[in-house]
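Following: one structure in structure tokens, then a few remarks.
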Amino acid sequence: MPRQPSKPTTSAKTRRPKKAGRSAFGTFMRWALGIGAAGAAAGTLLAVFVFAFIYQQLPPLDTLTDYRPKVPLRVWSADGKLIGEFGEERRDFVRLKDIPDHVKHAILAAEDAGFYEHPGIEITGILRAAVMNLVMGRRVQGGSTITQQVAKNFFLSSERTYTRKLYEVAMSFKIENSLTKDEILEIYMNQIYLGQRAYGFASAARTYFGRPLAEISVGEAATLAGLPVAPSAYNPIVNPTRATMRKNYVLRRMFDLGYIDELTYTMEKNAPMQTRREASEADRIAAGQKSDETSAHYAAELARMLVYDIFKEETYSRGINVYTTIDTRDQRAAVDAVRRHLIAYDRKYGYRGPEGFVDVSDAASRPKAIKQALAKTADSPFMVPAVVLEASPKKVVAAISPNDTVTLDAASLKFGAKSLAAKPAKNVKPIVAGSIIRVMRSGKKMDEWTLAQVPQVEAAFAAADYNTGAVRALVGGFDFNLNMFNHVTQAYRQPGSSFKPFIYSAALDKGFAPATVINDAPISIDPKLTGNKLWEPKNYDGRFDGPMPLHRALELSKNLVSIRVMQAITPRYAQEFITKFGFEAKDHPANLPMALGAGNVTPWQMLAAYTVFANGGYRVQPYLISRVTDTDGRTLMRATNRLAGDESIRAIDARNAFIMQDLLHGVATRGTARRASRLLKRDDVGGKTGTTNDSLDAWFCGWAGDQVAVGWMGYDTPKPLGARETGGGLVLPIWVDYMQTAVKDQPETVRVRPDSVVERGGLLYYRDPVKGPGLTEELLGSKDENDLVRNQIF
């Protein structure tokens, strides 16, 4: 059998050699992979080192772990109405547990759906933002989580660099390691800026929708959640269209994430955007709306000043709430009465002319010119600025906005007749096309407007509960925005005859009685006693009525009787006595003119002083602030005012106070203020008018029901109010208008006569007579014994 050939074998010498190129490539790849791995490792180590270095350089988290948001100072009325807010940032701090779920869901859907899952950063978001930035060739997205936004807002600048981004990432990890997710979200929701000076979602809800955060709808929550990315672009007030688009995007995200059902999504998507714009009072008037805002700017500013003296700069960031004693109903009544009567007085003395001029001759540029002119003219209560488009003695047409015109009523033509004349006098400012004027509504109809002007005269009015001192209303002037000077607390003026009751009170303790007869006759005062020149005072009406009882002299406000009383008790004694009411002796020189109110007082001082008469002789201090709390409602301060009835604050004894009440009741029923009782239809009224020389100052001070109130009118730079103007004619009507609201439906106050007072012949006397100064010829003005008999002092 033939032998089979064996399979060929390959020896070492006969093997096929490897290709050189393939071997070199493999070697290269191995080296490349090795170098790459080493580089990656080195890069990772470097990144870890850099990250660790950055992490060590990060600031401490004290501002977050002990989060104290900047919450503004807020001033509230006694019945819970906001009357003032002070601070750069509007913020209402709210705990996460008090935030509705639909608000939290809207924020998470809009900003960071994976917030509760990621460790502080979201890699996919960062990569997505990086790709978008690369494609667009510029930075258009940041890919920030809520934690990163907190890190940026508290610790980092707003610059857009990759270095800052690295710090942001590192800070986010640090925040996540120190705070819980709920704590981070709570801080975010209270800190983020959302436009219109609103910081935090609670403040934004109030700013944009006028409601607390707990009361906003799903759609409104979506609107607010869309703001952080660009507050100005998606502002629902300024840009409602873009805000609606953003709202719908957030709603869709909420639906996709299962936060809301399809029905809610559809309904909220189709709901119209209804915002609450904080219009000025002038805007409301122009729109025919009645303001429901309580104008208490002077009271709020006074409260701010008082609190700032204690808390300094923390006042505006600590979230302090100041609760005042202001009653919003009474405050509105006071503001309305002051403004209405100031305007009436001002109109009585004629129109002074337009406030400015703008060129409206070019029809194309006219709307812009009108808009700019109106924007530059300060708003004022009851009035709005307007630009005249047509003017003649028979017709005036003015624009209150670039698109709204009004035709002024017939009263305007009469009021502004001198300025509307075809050829106005040289000293008269004419009303022509382009004149900037003010107008206000003249009737209930929408189209009734009349020519107006801001009064130059000023006023002050303050009212308080005379038993507690709680201030119920405070008006420091016509308009806080035009004149921030608070005439109630800052204006030192002569009180005139409204000061006489304090001299009469001093006289009672010197032996005088309501029945004491004093002669109302001419008198000349030696210059040595006045420190000036021969003084021959007159009564306001120029009449001299001869001898009359003291009570009648006060009712008629007889100057010469007051001077004779002052002579009898001596100016030095009177100066000392008035300090019982809170007046400073230095403001009232010890001379005879003090009897006519020649010293200086503020309306606030007069309010405190008349409180003594009204409450039976107790010096109860008027006060404005009842309590102060922090942002969590903890009481920081509380008023501890001593009340009427506390003998430690008695200023004058009960018999003096009761007789003075009776004397001032006579003034309000039979004397210069008799309109007070007649118009109020009450018998528990008392008070005193006051008018200074040349009618530079006009006053009325008095009480009704449970309140005492003081009013003043005058010019900041003193000048006569008018030849026949008096406190009874100018200020008493303000006082009456206020009291008609303040004490409406209140039962009349009945004052019980103390045992130390007796009644004889319808007049009151001290039961235990006080030894008087002696009845002299100078006091009585007569040597006739029959006149002496008329003097009855028991």
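- Taking the six-membered ring where tryptophan is involved, the planes of Y610 and F502 are perpendicular, since the angle between them exceeds 60° and thus also 30°.
- Residue K538 holds its NZ atom at 11.0 Å from CG of N693, rounded to the nearest 0.5 Å.
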Pair R472-D327, salt bridge (charged side-chain N to carboxylate O under 4.0 Å, His left out): steps then yes or no: CA-CA 5 Å; R472 298 303 183 201; D327 181 281; 6.0 Å; no
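- If you check the side chains of Q575 and R572, you find a donor sitting under 3.5 Å from an acceptor.
- Between E301 and M484, every side-chain heavy-atom pair lies at or beyond the 4.5 Å cut-off.
- Remark: Q372 CD is packed, more than 12 non-hydrogen atoms of other residues, nucleotides or ligands lying under 6.0 Å away.
- Y345 contributes a side-chain N or O that, together with a main-chain N or O of L721, makes up a donor-acceptor pair within less than 3.5 Å.
- Residues H341 and L730 form no side-chain contact, since every pair of their non-hydrogen atoms from C-beta on lies 4.5 Å or further apart.
- Electrostatic pairing of R441 and E448 does not count as a salt bridge here, judged by no charged N lying under 4.0 Å from a carboxylate O.
- Between D694 and K719, none of the side-chain N atoms (NZ, or NE/NH1/NH2) sits under 4.0 Å from a carboxylate O, so this pair counts as no salt bridge.
- A 4.5 Å side-chain heavy-atom check between V387 and V360 finds at least one atom pair inside the cut-off.
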side-chain contact (heavy atoms from CB on, under 4.5 Å) between S695 and R724, intermediate numbers included: CA-CA 8 Å; S695 297; R724 304 299 296 174; over 6 Å; no
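- Note that CG of N539 is 5.0 Å distant from CG of N559, once rounded to the nearest 0.5 Å.
- Using a 4.0 Å cut-off between charged side-chain N and carboxylate O, E725 and K348 make a salt bridge.
- Between A391 and V432 the shortest heavy-atom distance is CB-CA, 4.1 Å.
- Each of K688, R670, H665, R674 was evaluated against E555; a single residue qualifies, R670, per the side-chain hydrogen bond (donor to acceptor under 3.5 Å, both in side chains) test.
- Aromatic ring centres of F613 and Y466: separated by at least 6.0 Å.
- Checked against the 6.0 Å centroid threshold, F86 and Y308 do not count as a close aromatic pair.
- Between I578 and F583, the shortest heavy-atom contact is O-CD1, 3.4 Å.
- Atom-to-atom distance recorded for Q494:CD and D587:CG is 11.5 Å, nearest 0.5 angstrom.
- Partners of T741 under the side-chain hydrogen bond (donor to acceptor under 3.5 Å, both in side chains) rule, at least two apart in sequence or in another chain, do not exist in this structure.
- The nearest pair of heavy atoms linking S498 to M606 is OG-CE, 3.2 Å.
- Taking 4.5 Å as the limit, every side-chain heavy atom of W699 sits out of range of all side-chain heavy atoms of M713.
- With hydrogens and angles left out, the side-chain atoms of R493 and T692 include no donor and acceptor closer than 3.5 Å.
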Pair D697-W712, side-chain hydrogen bond (donor to acceptor under 3.5 Å, both in side chains): steps then yes or no: CA-CA 7 Å; D697 299 275; W712 163 87; 2.9 Å; yes
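- Annotation: side chain of V488 is not in contact with side chain of Y298 (no heavy-atom distance under 4.5 Å).
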Test side-chain contact (heavy atoms from CB on, under 4.5 Å) applied to I431 and L451, step by step: CA-CA 11 Å; I431 298 177; L451 181 64; 4.1 Å; yes
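- Between the Q707 side chain and the V743 main chain, no donor and acceptor come within less than 3.5 Å of each other.
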Audit row: Q453, D346, side-chain hydrogen bond (donor to acceptor under 3.5 Å, both in side chains) steps and yes/no: CA-CA 8 Å; Q453 65 184 358; D346 187 71; 2.8 Å; yes
Candidate pair L554 and L664, rule side-chain contact (heavy atoms from CB on, under 4.5 Å), full reasoning: CA-CA 8 Å; L554 184 61; L664 292 171; 4.2 Å; yes
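- Annotation: cation-pi pair R619/F581 absent, no NZ/CZ under 6.0 Å from the ring centroid and within 45° of its normal.
- Of the possible donor and acceptor atoms, none in the side chain of E390 sits under 3.5 Å from a partner among the backbone N and O of K395.
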Stepwise side-chain hydrogen bond (donor to acceptor under 3.5 Å, both in side chains) test for S497 and S557: CA-CA 7 Å; S497 296; S557 197; 3.2 Å; yes
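- Of the possible polar contacts, none joining the S562 side chain to the K500 backbone as a donor-acceptor pair under 3.5 Å is found.
- Contact check on D520 versus K558 returns a salt bridge, with a Lys/Arg side-chain nitrogen under 4.0 Å from an Asp/Glu carboxylate oxygen.
- Aromatic pair F461/Y738: centroids less than 6.0 angstrom apart.
- Listed by first then second residue, pairs satisfying side-chain hydrogen bond (donor to acceptor under 3.5 Å, both in side chains) with a partner in residues 478-488 read E458-N483, N483-D716, H487-D716, not counting sequence neighbours.
- Considering OG1 of T489 and CH2 of W604, their distance stands at 8.0 Å, rounded to 0.5 Å.
- One side chain, D409 or S412, offers a donor N or O that lies under 3.5 Å from an acceptor on the other.
- Put simply, the side chain of R564 gets close to the backbone of N519: a donor and an acceptor are under 3.5 Å apart.
- Atoms CD1 and OG, from I326 and S77 in turn, are 8.5 Å apart once rounded to the nearest 0.5 Å.
- Rounding to the nearest 0.5 Å gives a distance of 4.0 Å between CD1 of I400 and CH2 of W449.
- A donor-acceptor contact shorter than 3.5 Å links the side chain of T691 to the backbone of G727.
- I523 has its side chain within reach of Q567: a pair of non-hydrogen atoms, C-beta onward, lies under 4.5 Å apart.
- Here the shortest heavy-atom pairing between G714 and V457 reads O-CG2, 3.4 Å.
- A pairwise comparison of heavy atoms in P571 and M594 identifies O-CE, 3.5 Å as the closest pair.
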Stepwise side-chain contact (heavy atoms from CB on, under 4.5 Å) test for D737 and R340: CA-CA 10 Å; D737 283 0; R340 185 167 57 254; 3.1 Å; yes
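- Annotation: side chain of F577 is in contact with side chain of I652 (closest heavy-atom distance under 4.5 Å).
- Ion pairing of R543 with D545 is present here, as a side-chain N (NZ or NE/NH1/NH2) and a carboxylate O approach within less than 4.0 Å.
- Looking at T611, its side chain does come within 3.5 Å of a backbone N or O of L607 through a donor-acceptor pair.
- Residues T672 and Y540 have side chains not in contact (no heavy-atom distance under 4.5 Å, counting atoms from C-beta outward).
- Here F700 pairs with W735 under the ring-ring contact (aromatic ring centres under 6.0 Å, His included) rule; sequence neighbours left out.
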